[in-house]
Amino acid sequence: MKKDQIKEPDTADEFYDRGVDSEESGDRWFSSDLAKSLRFYYRAHQDYLNALRLNPVNADALYNLPRLEFEVYTKYIKDESVILDDLENCADALNDNKAGGLFQDIPSLCRSFEASIQTLQQSGNDSLIGMDFYYNTAMCYYEYIDTLCADTQNIESLSSETEVVKAIERCIMFFSKYFFSIRSVISGENEKDDDLQTDLESAANACIESYRMIATVYETIFSQQLIDTMSLITDEFILQVDSFAEELSHAGIGETLLQSLKIAKLSERSSRILEFESLTQAWRSEESLNSLLEKQLIEASSTRSFIDKFETVGLPINADVKWAILNALSIQYRKITEALREDMAEAEKSQVLESDIISTKICLLCSVFIERADIDLERSLLDTDVARESQEVLQNNSRNLLRNALIYSKKSGGIRESIGGKLTRKKRQREAAMRLCLLEGKTQEDWNQIVGERYWPQELQIIGELETYKRYFS
């Protein structure tokens, strides 16, 4: 049958099935052609909407619609390496950004999930709300919480009417519903679990995300009073997660996942600490985890969050204390750098075939170089004797670290590197190049040549939020 003779769907199920086919095509193309992938996602979204137009209680379409919208947000909006203006022949998809469209902001996506669940509940189809539905909704609220916590004004006053508190309560509720459902499946209360190992691992990952969500909140809270207020909202849930995590730790989830679970729990506990020595002690409390790269990276991020939680609300840390913290952080990142270099060399030597293994390590190493450069620059500008004495050396180090990031960002990610891996390497390259342009006093004409006329405004806006670089903007 010729293309123009292909029969259009007539029923809700036919629209839904075609939507599934289009979404699967989008998934297949995503690793090699973001624009083509997006066009398929747009077609799928239109078909799910048409399925619901014909049958408003089509449970599968009600599930897939918000899930696809959230996936598109994660792949195309949240990922800063994706430049939407670079996507060709995607005008219909990119302009579909009104209420109910493919491109929505996070609050709208949360409402989209809630609307689908409410429709099933009101139609008497509660039994069709699967545990994955609850999990995806919780993860969408987690993303919303992360967005809200980026603005300190949302944290400075907490009450039941505060948007961040409402989001946390909804996120907790949906994670709790997921835990109730998955526990029933694992225990065999509903039916025999034919894929027990997969469900155990899914449950463990949900515990990890729960810990991370709570840590995201507490990492922005800067006073004991606010911590006590938030504890009233989160502590019962954390006890629930602790209990389930303990059960899973004895259920054969695998050593790697068990380690990640312990690290996530450690991160949640550490996020509540308001004194640096206590923070360091907390992160050192699990000796068996200390050599793990995942733990080292999250600990370093936790240390940076510890500094930011005070300084972003105008509570500066004493210069000598900050020097000590940044010095400790610099040492942490030097160890991480060596570990990543060894990992990368091993991956290159073994010629791993997984698509983005090498590329991911390159991008992570570039991020570490950039973070180390920022730390050394920040140290050089502190008002202490040792900072003034070391200023020239530290600023030279900062520039050299940025040059290292540039060198690594230009390395090949392997013959199977995805388009996403390439774009992320390019993003790291622009981040390092823009910083180096500022430190070396390059002109805007230089920025056009080095970073790219279309790209430096985005990089400049992001860097402009870092206090350390503001003096280089004049």
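Since this is a predicted model, take the numbers as computed values, not measurements. Along the sequence shown, residues carry numbers from 1.
- With Tyr73 as the aromatic partner, Lys78 does not meet the cation-pi criteria of under 6.0 angstrom to the ring centre and within 45 degrees of the ring axis.
- Environment of NZ in Lys426: sparse, with no more than 12 heavy atoms of neighbouring residues, nucleotides or ligands closer than 6.0 Å.
- In this structure, the ring of Phe222 has its center no less than 6.0 angstrom from the ring center of Phe310.
- Shortest non-hydrogen contact noted between Cys366 and Ala405 is SG-O, 3.4 Å.
- A donor-acceptor pair under 3.5 Å is absent between the side-chain atoms of Arg43 and the main chain of Ser22, judged by distance alone.
- In this structure, Lys36 contributes its side chain and Trp29 its backbone to no donor-acceptor pair below 3.5 Å.
- Note that CE of Met173 and CZ of Arg170 are 3.5 Å apart. Values are rounded to the nearest 0.5 Å.
- At least one donor-acceptor pair closer than 3.5 Å links the side chain of Thr162 to the backbone N or O of Ser157.
- Remark: side-chain polar atoms of Tyr218 are paired, donor with acceptor, to backbone N or O of Ser231 under 3.5 angstrom.
- One N or O on the side chain of Asp105 and one on the backbone of Ser108 form a donor-acceptor pair closer than 3.5 Å.
- Tested against Leu52, the residues Leu62, Asn64, Val57, Asp47 include a single side-chain contact (heavy atoms from CB on, under 4.5 Å) partner, Leu62.
- With respect to Arg428 and Glu431, a salt bridge is recorded, a charged nitrogen being found less than 4.0 Å from a carboxylate O.
- Interatomic distance, NZ of Lys262 versus CG of Leu292, reported as 10.0 Å (0.5 Å rounding).
- Salt bridge status for Glu459 with Arg435: absent, with no side-chain N to carboxylate O gap under 4.0 Å.
- Annotation: cation-pi geometry satisfied between Arg430 and Tyr455 (NZ/CZ under 6.0 angstrom from ring centroid, within 45° of ring axis).
- The ring of Phe15 has its center no closer than 6.0 angstrom to the ring center of Tyr48.
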Could you check Tyr16 against Asn55 for side-chain hydrogen bond (donor to acceptor under 3.5 Å, both in side chains), going step by step and ending with a plain yes or no?
CA-CA 10 Å; Tyr16 171 77; Asn55 178 10; over 6 Å; no
